[in-house]
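Have a look at the structure below before the remarks.
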Number of protein chains: 2
Amino acid sequence: MFNSTAILRKHGIPVTAQRLALLRAVGARPHATADALAEAVRAEIGTISKQAVYNTLGTLVEKGILRRIQPAGSPARYEGRVGDNHHHLICRSCGKTVDVACVVGERPCLRASEDSGFRIDEAEVIFWGTCPRCLGKDGAQQAGPVKPQDFCEQTNKPPN
Amino acid sequence: MFNSTAILRKHGIPVTAQRLALLRAVGARPHATADALAEAVRAEIGTISKQAVYNTLGTLVEKGILRRIQPAGSPARYEGRVGDNHHHLICRSCGKTVDVACVVGERPCLRASEDSGFRIDEAEVIFWGTCPRCLGKDGAQQAGPVKPQDFCEQTNKPPN
DNA sequence: AACAAAATGTGGACAGAGTCCATTTTTTAC
DNA sequence: GTAAAAAATGGACTCTGTCCACATTTTGTT
């Protein structure tokens with residue numbers, strides 16, 4: 001009976017062995033996939049159904065206890081580090097995900113210039129690149145040279 | 001024989017009826033899914049295989065002719081508007097996607113503060129929210145009030 | 001215009017992630 | 001302790017997207 005129990009209680013979520021184990025698993029391995037978390041939980045408490053994993057993760061995300069990251073071409077990942085402000089840097093080649101701090105207070109690109117009548121509730125930023133290890137493996141393979149600055153300019157490749 | 005043919009030729013991509021139709025379809029409906037595009041192409045030239053759709057879209061994205069957007073929890077979408085610089089605003093409820101201009105020249109949040117040794121090649125920004133129509137349907141349903149400014153601060157919901 | 005080689009397209013099987021549902025088990029609240 | 005409510009189970013199923021072997025179309029050339 002730890003912190004996890006208190007967190008669930010505080011949010012009015014019934015406390016079950018599965019939820020506690022899942023919460024611990026997320027804490028132990030940030031950015032893990034639902035499947036990986038299920039494995040971790042099974043190793044700890046023996047068994048958990050796929051459904052329970054998805055339900056629980058979904059509930060926890062809804063309550064703001066967990067954050068769900070859904071990078072292109074990869075299954076969803078979960079992390080417990082909420083409340084602070086950060087974005088993600090993902091390796092295109094191996095999927096490795098690391099946190100990058102957001103410079104709070106400077107957010108021009110994060111204010112949509114036209115909101116089209118939408119009620120915006122979140123701005124998600126993902127930096128795509130190649131991690132050190134994958135760089136080592138197939139170093140100069142990507143198309144064209146990359147300027148490491150001016151990311152905003154490079155959100156799209158130039159035409160032609 | 002239009003522009004599309006020239007584009008393909010310019011990139012050394014063999015010109016086929018499927019590719020031309022696909023290119024036209026993307027132009028006609030930005031942000032469409034592979035499936036929707038396949039339907040559009042079928043309406044135009046009778047038939048196209050799923051595989052051809054994916055192959056072609058993949059090739060076009062590689063060549064920089066198309067951009068692929070892969071929003072969380074939704075199939076990939078494609079758009080032809082490349083070369084300019086913009087991000088996306090997506091409705092959580094119905095998936096509607098609209099372009100939002102990026103304020104070029106102001107990009108603090110888009111410079112990763114720590115690159116962890118990664119070679120970054122793109123910064124992707126997605127604004128999540130609710131579109132006007134969905135707002136009408138279930139107006140005050142989302143959890144908690146939302147401040148429409150300070151997006152950066154709201155990338156995560158506050159703890160507790 | 002015709003031909004051979006190379007590149008594409010076709011269709012169906014298959015895989016990964018996630019959802020649906022009816023039923024059983026556990027929590028919670030009284 | 002008990003009944004009602006909420007979760008968990010597990011198996012079927014859906015949706016995207018990929019793999020593969022074989023048929024078709026493009027290209028580049030003669």
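In what follows, chains are A, B, ... by sequence order, proteins preceding strands, each numbered from 1.
Between B:Ile13 and the choices B:Ile7, B:Thr56, B:Ile65, the side chain to side chain contact (heavy atoms under 4.5 Å, CB included) rule is met once, by B:Ile65.
The CG atom of A:Leu20 sits 10 Å away from the P atom of D:dA8 (whole-angstrom rounding). Here the P atom of nucleotide D:dC15 and the CD atom of B:Glu39 are 13 Å apart, to the nearest Å. Whole-Å rounding puts the A:Leu8 CG to D:dA7 C1' distance at 13 Å.
Side-chain proximity of B:Ala34 to the nucleotides D:dA6, C:dG11, D:dG17 is greatest for D:dG17.
Side-chain contact check for A:Leu23 versus A:Leu66: some heavy-atom pair is nearer than 4.5 Å. Using a 4.5 Å heavy-atom cutoff, the side chains of B:Gln18 and B:Val41 are not in contact.
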Contacts under 3.5 angstrom, residues 45-52 of chain A side chains, donor-acceptor by atom type, not counting sequence neighbours:
residue	atom	partner	partner atom	Å
A:Ser49	OG	A:Ala52	N	3.0
A:Gln51	NE2	A:Asn55	OD1	2.9

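Taken residue by residue, residues 48-57 of chain B places heavy atoms nearer than 4.0 Å to DNA chain D at B:Lys50, B:Gln51, B:Tyr54.
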Is there any protein nitrogen or oxygen under 3.5 Å from a nitrogen or oxygen in nucleotides 23-28 of chain C, and what are the pairs?
residue	atom	partner	partner atom	Å
C:dT28	OP1	A:Val15	N	3.0

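Residues satisfying the side-chain contact (heavy atoms from CB on, under 4.5 Å) criterion with B:Gln70, sequence neighbours excluded, are A:Ala72, B:Arg68, B:Ala76. Taking B:Ala28 as the reference, nothing meets the side-chain contact (heavy atoms from CB on, under 4.5 Å) condition, with sequence neighbours excluded.
Taking Ile, Leu, Val, Met, Phe, Trp and Tyr as members and joining any whose side-chain heavy atoms lie under 4.5 Å apart, directly or through other members, the hydrophobic cluster of B:Ile126 also contains B:Ile90, B:Trp128.
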